[in-house]
Structures are given as C-alpha cells and as structure tokens.
Number of protein chains: 2
Amino acid sequence: MIDIITEPHPVAPSVPSAITPDTRAAIEQMYFTYRAFTSGPDALLAERGLGRAHHRILYFVGRQPGIAVGALLETLQISKQALSAPLKRLQEFSLVEVRAADQDRRVRRLTLSAAGAQLEAQLSEQQAQWINTAFARVTAEDIASWRRVMHALEQ
Amino acid sequence: MIDIITEPHPVAPSVPSAITPDTRAAIEQMYFTYRAFTSGPDALLAERGLGRAHHRILYFVGRQPGIAVGALLETLQISKQALSAPLKRLQEFSLVEVRAADQDRRVRRLTLSAAGAQLEAQLSEQQAQWINTAFARVTAEDIASWRRVMHALEQ
DNA sequence: GTTAAGCGTCAACATGATTGACATAATCAC
DNA sequence: GTGATTATGTCAATCATGTTGACGCTTAAC
C-alpha cells in the first residue's frame, strides 16, 4: 500500500515559478494533442478486441523485427508480467510470432505475422494521415522546428 | 463484452500508405515525449498517494476555478463514475473544495484549496521547468513553429 | 555441476476506466 | 402545485493495464 500523507507535506519550498501563460498553453497542448493522437488507433483496435498495450507491442515489434522479449520490456518500460497477457493474446490472434533465437535458445525473438504487419500498417497509417494532415497546414520550416523541439523535450 | 473477431477482418483495403520514415519518427516522438512529459508529476503525485487522474482534476479546476462537475466531465471526457473516486479523495485530502452554486443549487462548483493550489503549482512547475529547459535549447522561431504544429495536430 | 540468464506463470492488488440502474435534490414548464 | 427535467451522486459488475512477490523451467556459461 502506498504511504498516504495527508499531513502538511515536507516538500522543498517551490522556487518562484516560471509558469507563464505560454508555458501553461504548452502543457495543455501536450495533453490534448496526445489524446487526439491515440484516439484513432484506439477505435480501430477496439473493433478487434485489442487495446493500446497491444498497439505498442505491434508497433515496436514492427520497427525491430526479431526483438527479444527483454529488449521489448526495456523499450516499453513495463514488467514482464504486464507484457505477458497482451503478448499472449497477440500470439493467439496470430499477429505476433515467437521463435527461439538460433545462437541463444533462451532468447525469444518476436516478429509480426503477415496479418500483424497489415494491422500495424493500418494503425500507423491512421496516425500518419493525422500527422501528415497537420503537417500540410504548416511550412516545412515549422515541421523541422517541431522535430527539434520534440527532440529537446525527450531530454 | 467486446465483439472479438479473429477471422480475416472486413476492413477497407488500406490505401497505399504515406508512412515515411519521417512520419514514423514523428509518431515515436509523440509517444516518448508524452511519457517523459508525465513522468515528473507522476513521481510527485505518488508520494502523496495520488495518480494522474487526480492531477488532471487539480489542473483543470486550477485553470477554471468554480467549474461545475458537468463541465469538468466534458473537459476530461470521462464518465461521472470515473470522476467520483478521485474527486472524493481530493476532497478528503482538502485539496479541492465543493460548494453549491448561488444561482442554481444543483450545480456544484469546484475550487482548489490553498493546499490544492500549492500542489497544483508544484506539479505544473515541474512540467514548466521541463518545457522551459527544452525551449532554452532551441530558438524562439522553433518554439513558435512548435506551437503552430501542435495546434494543427489538435485538428 | 553449479550458477546465472532469459523467460513464463500464478497470485494478489491498485488504479482508472466503462455501462447500467437507481436515488436525490433543485429547477423549470405548465 | 404537480410533473418533468437537470445536475449530481452512488452501487454494482466488469475490463484493461499496470505493479510486486514468489516460484519454475530451460539453456548458457564458468
């Protein structure tokens, strides 16, 4: 159980803040934009009885075919138990295939089946169209700048 | 129960896609950037036994003091049942205050207590510092462009 | 042959969301 | 005033996604 503290909380006195209206606007934009970003795929996935967890697996296995389970866990930053159920379901649906690695047979390599690759393409296609639609409304310089800022935001 | 279809799925044949490597990169950037965006506040909230749901309530009540429950539901796009538990908890912790509206006493107006405002400021401060740190590494033109693109992405 | 690595699985639990049904108080329409 | 509607709350069942802990299995490494 998490330690719930309701008493006055011992926190470092907050440095007088740089929360300008512009920064506030940026925070809100991250929230709403991400929500819009996920809503398209979510609907498509729901039709098949899948969720966002399955999407992330499909996505990263698609990007790195033959990725090991451990590496996928690192990428997703979740526990193996959290991965277990959605990965199993993707196997049952024949969307993801699992094979022991040749060199080290403890390692399971994950790849997309043809159907898995097709679904992944549909999902990415949706997001790509959404991004490309937005990109079409701004200049090439805006896009380059957007990338620079997003990269800076990843730390 | 969701209708689970494992048979070949009746989907419109996907239009040959515009998923360029650049678009892929943009998709990934959204995912990782949002994850980085939420990790700071999440840690601070966990110390107090709160989660992201509480954060969103604190945030929007902070931005629109006196907001009605129904309006908050609209903003968050969740059901009243989903709001109930975290809101109740915020009241128990004396972070959010609830008062019947003067004109229409069915309407409950939500405001932050002093402690609630302080916590909200800390959380926003964290995100603001993160954003400002990133903004410091790019030009003013990049920031303006970033805003334009983010706005376009909200549709 | 023992140890360690990579992975799987069972269990218990927390959180955040859903839908459905019903309850209550206050306002509005007549 | 009565009756419908609105704003909100609440109980219940369910789902998805995550956690930690404990234990087991197969394979590789020493």
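Residue numbering restarts at 1 for every chain, and letters A, B, ... go by the order of the sequence lines.
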Ring-plane angle category for B/Tyr34 and B/Phe37, please: parallel below 30°, perpendicular beyond 60°, tilted otherwise. tilted
Please verify the inter-ring angle class for A/Phe60 with B/Phe32; under 30° counts as parallel, over 60° as perpendicular, anything in between as tilted. tilted
Tell me whether A/Arg137 is salt-bridged to B/Glu154, with the criterion being a basic N under 4.0 Å from an acidic carboxylate O. no
Is it true that, when you exclude A/Arg105 itself, more than 12 heavy atoms of the residues, nucleotides or ligands shown sit nearer than 6.0 Å to its CZ? no
Base contacts versus sugar-phosphate-only contacts with protein, heavy atoms under 4.0 Å: please encode nucleotides 18-30 of chain D as B, S and - from 5' to 3'. SBBBB---BBS--
[X] has an atom [atom1]; how far is it from atom [atom2] of [N], in whole Å?
X: B/Leu76; N: C/dG16; atom1: CG; atom2: C1'; answer: 12 Å
X: A/Arg52; N: C/dT15; atom1: CZ; atom2: P; answer: 20 Å
X: B/Arg108; N: C/dT27; atom1: CZ; atom2: P; answer: 12 Å
X: A/Leu87; N: D/dA16; atom1: CG; atom2: P; answer: 16 Å
X: B/Arg99; N: D/dT8; atom1: CZ; atom2: P; answer: 15 Å
X: B/Arg89; N: D/dG9; atom1: CZ; atom2: P; answer: 18 Å
X: B/His54; N: C/dA14; atom1: NE2; atom2: P; answer: 14 Å
X: B/Glu74; N: D/dT6; atom1: CD; atom2: C1'; answer: 14 Å

Can a donor-acceptor pair be found, under 3.5 Å and without considering hydrogens, that links the side chain of B/Arg35 to the backbone of A/Leu76? yes
State whether A/Lys88 places a side-chain N or O below 4.0 Å from either non-bridging phosphate oxygen (OP1 or OP2) of C/dT9. yes
For B/Phe93 and B/Leu50 the tightest heavy-atom approach is CE2-CD2, 3.9 Å
Closest non-hydrogen atoms of B/Glu120 and B/Leu58, given as atom of the first, atom of the second and distance, are CG-O, 3.6 Å
Reckon B/Ala68 touches a base, only the sugar-phosphate, or nothing at all at heavy-atom distances under 4.0 Å? sugar-phosphate
Indicate, with a heavy-atom threshold strictly under 4.0 Å, whether A/Ala85 touches base, sugar-phosphate, or nothing. nothing
